[in-house]
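Only one structure is covered here, and it is reproduced in the block below.
Throughout, a chain's letter reflects where its sequence line sits, starting with A, and its residues are numbered from 1. In this text, all values refer to a predicted model and were calculated from it rather than measured experimentally.
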2 protein chains.
Amino acid sequence: MTDPGLRERKKQRTRADLQRHALRLFRDRGFAATTVDDIAAAAEVSRSTFFRYFPTKEDVVLLDDVDPLYEAAFRAVPAGTPLLEALRRSMHTAFASLSDEKRALEEVRMDLARSIPEIGAVLRERNTFGVDHVATLVAEAVGRPATDEDVVVFAGVVSGARLAAQELVRRDPGRPYIETFVHVLGMLADGVPLAEVPVGT
Amino acid sequence: MTDPGLRERKKQRTRADLQRHALRLFRDRGFAATTVDDIAAAAEVSRSTFFRYFPTKEDVVLLDDVDPLYEAAFRAVPAGTPLLEALRRSMHTAFASLSDEKRALEEVRMDLARSIPEIGAVLRERNTFGVDHVATLVAEAVGRPATDEDVVVFAGVVSGARLAAQELVRRDPGRPYIETFVHVLGMLADGVPLAEVPVGT
DNA sequence: GCCTTTCTGGGACTGAGTCTCAAGTGGTAC
DNA sequence: GTACCACTTGAGACTCAGTCCCAGAAAGGC
């Protein structure tokens, strides 16, 4: 927590500049039509520098200081709360604590994730809500190994809930993503919907 | 169903050749170390031709004649079967009906999906078990619109179950993928595991 | 001020993916 | 069989993502 030093501050600023300009360009011209050269030029650094900060063009969308908040909120839920409810509540409180600026950035990221499939895929992969990440978190919370079958399946269901939320937003744009996710998690508390409904006419 | 004609047969053979050689090269040298030129050369066609058959290098892994079988099996489940059980059973029967050759091809595809993240992501995206695809299928089976919230959430859970199965296989290589998936679907019939377990020590 | 460490810019290189055009091959009608 | 049409292929040029390397600039410690 000591003074970061000039060098470190410059790096943080360069990284933030690159992301800011990149997201703006993606939004205005589209992802494919924006080249890395364009982004580097807009941020007034060289192409080389771009790739030093972000391994790929997709990664610039992934830079994220929101995910840690969800995690912290989850760990802060009082002991004794049922697992699914704990997850649902931590999503809610973490999102409520975001600044307007962060929330706007989050919106753009989500838009891109929805409109550009590759980005959506990468985002899901590396996000807080990837299966193995949730499994690790949950394992810690309930005091079981992360290899436990129940833990992994629970984590899978949570990831699935997120996929469902994204799909619902995709079909009804304008619907707020986080609230939808929270809502879906609530639905699952009553068991898997439709599981017992008979198929056929 | 009439005679496909020489032209059509040639195309099918070229497509199959490209996939066969590509998967072999991927397995032997790795995905990144195999260039499209290598694949085209092995299949004795030009680079241009490769891209006429497959839009990207990843897509060559996705060519799939197995998915339709799952779908057909699902539609063939007797009316009245509970939805989750119907899905579980159709997975089982469809996989049992595969020829040894197809099953081996399926193995290689699954290996690649597991070891190369980008492929895994694309596979999940376009697979039979993508959320919107399952939602469409389920909507038809239970006679509800595909936009129904319950339908989408159910579809999300099924996709999540598949993610969990993949994760379990990843942590315990050698475990058969399809059987694991079927097993996970069975677990969900009793509700979401751990949902009510309290968090904290 | 000087020396070391770290960061940047420039340029060369590989490979994916797109496009265009000319030549080849299957289908078909006579 | 042959002549014509539609479709398919091969070749080459081009753009852009991503990697590598090296020389010079900037920051930190003394």
Quiz item: Just wondering, are more than 12 heavy atoms of other shown residues or ligands nearer than 6.0 Å to CZ in Arg103(B)?
Solution: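 Atom CZ in Arg103(B) is crowded, with more than 12 foreign heavy atoms closer than 6.0 Å.
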Quiz item: Counting only heavy atoms not in Arg171(B), do more than 12 fall under 6.0 Å of its CZ?
Solution: yes
Please tell me if the side chains of [X] and [Y] come closer than 4.5 Å, counting only heavy atoms from C-beta onward.
| X | Y | result |
| --- | --- | --- |
| Ile178(B) | Tyr70(B) | yes |
| Val153(A) | Asp150(A) | no |
| Gln166(A) | Val131(B) | no |

Can you tell me the distance, in whole Å, between the [atom1] atom of [X] and the [atom2] atom of [N]?
| X | N | atom1 | atom2 | result |
| --- | --- | --- | --- | --- |
| Phe26(B) | dG15(C) | CZ | C1' | 13 Å |
| Asp38(A) | dT15(D) | CG | P | 14 Å |
| Asp37(B) | dA16(C) | CG | P | 7 Å |
| Phe31(A) | dG17(C) | CZ | P | 14 Å |
| Phe54(A) | dT19(D) | CZ | P | 15 Å |
| Arg52(A) | dC22(D) | CZ | P | 14 Å |

Could I get a table of every N or O pair under 3.5 Å where one atom is in the protein and the other is in nucleotides 1-4 of chain D?
none

Quiz item: Would Arg175(B) and Thr180(B) satisfy side chain to side chain donor-acceptor pair (under 3.5 Å), going step by step from the backbone distance to the final call?
Solution: CA-CA 7 Å; Arg175(B) 184 169 180 170; Thr180(B) 304; 3.1 Å; yes
Quiz item: Quick one: is Tyr53(B) getting a side-chain N or O under 4.0 Å of the dT9(D) phosphate, OP1 or OP2?
Solution: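 For dT9(D), OP1/OP2 do have a side-chain N/O of Tyr53(B) under 4.0 Å.
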Exercise. Establish, with yes or no, whether the OP1 or OP2 oxygen of dG17(C) is under 4.0 angstrom from a side-chain nitrogen or oxygen of Lys57(B).
Key: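 So the side-chain polar atoms of Lys57(B) never come under 4.0 Å of the phosphate oxygens OP1 or OP2 of dG17(C).
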Quiz item: Near DNA chain D, under 4.0 Å by heavy atom, which residues of residues 41-50 of chain B?
Solution: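 Residues of residues 41-50 of chain B under 4.0 Å from DNA chain D: Val45(B), Ser46(B), Ser48(B), Thr49(B).
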Quiz item: Under a 4.0 Å N-O cut-off, is there an ion pair linking Glu71(A) with Arg75(A)?
Solution: yes
Quiz item: If you round to the nearest 0.5 Å, how far is OG1 of Thr49(B) from CZ of Arg15(B)?
Solution: 12.0 Å
Quiz item: Where each residue is assigned the nucleotide of DNA chain C containing its nearest heavy atom, which of Lys10(A) and Pro55(B) is assigned the position nearer the 5′ end?
Solution: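 Counting from the 5' end, the first nearest nucleotide belongs to Lys10(A).
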Self-check item: Ring centres under 6.0 angstrom apart (Phe50(B), Phe54(B))
Solution: yes
Quiz item: Out of dG17(C), dT8(D), dG28(D), which has the shortest distance to the side chain of Arg7(A)?
Solution: dG28(D)
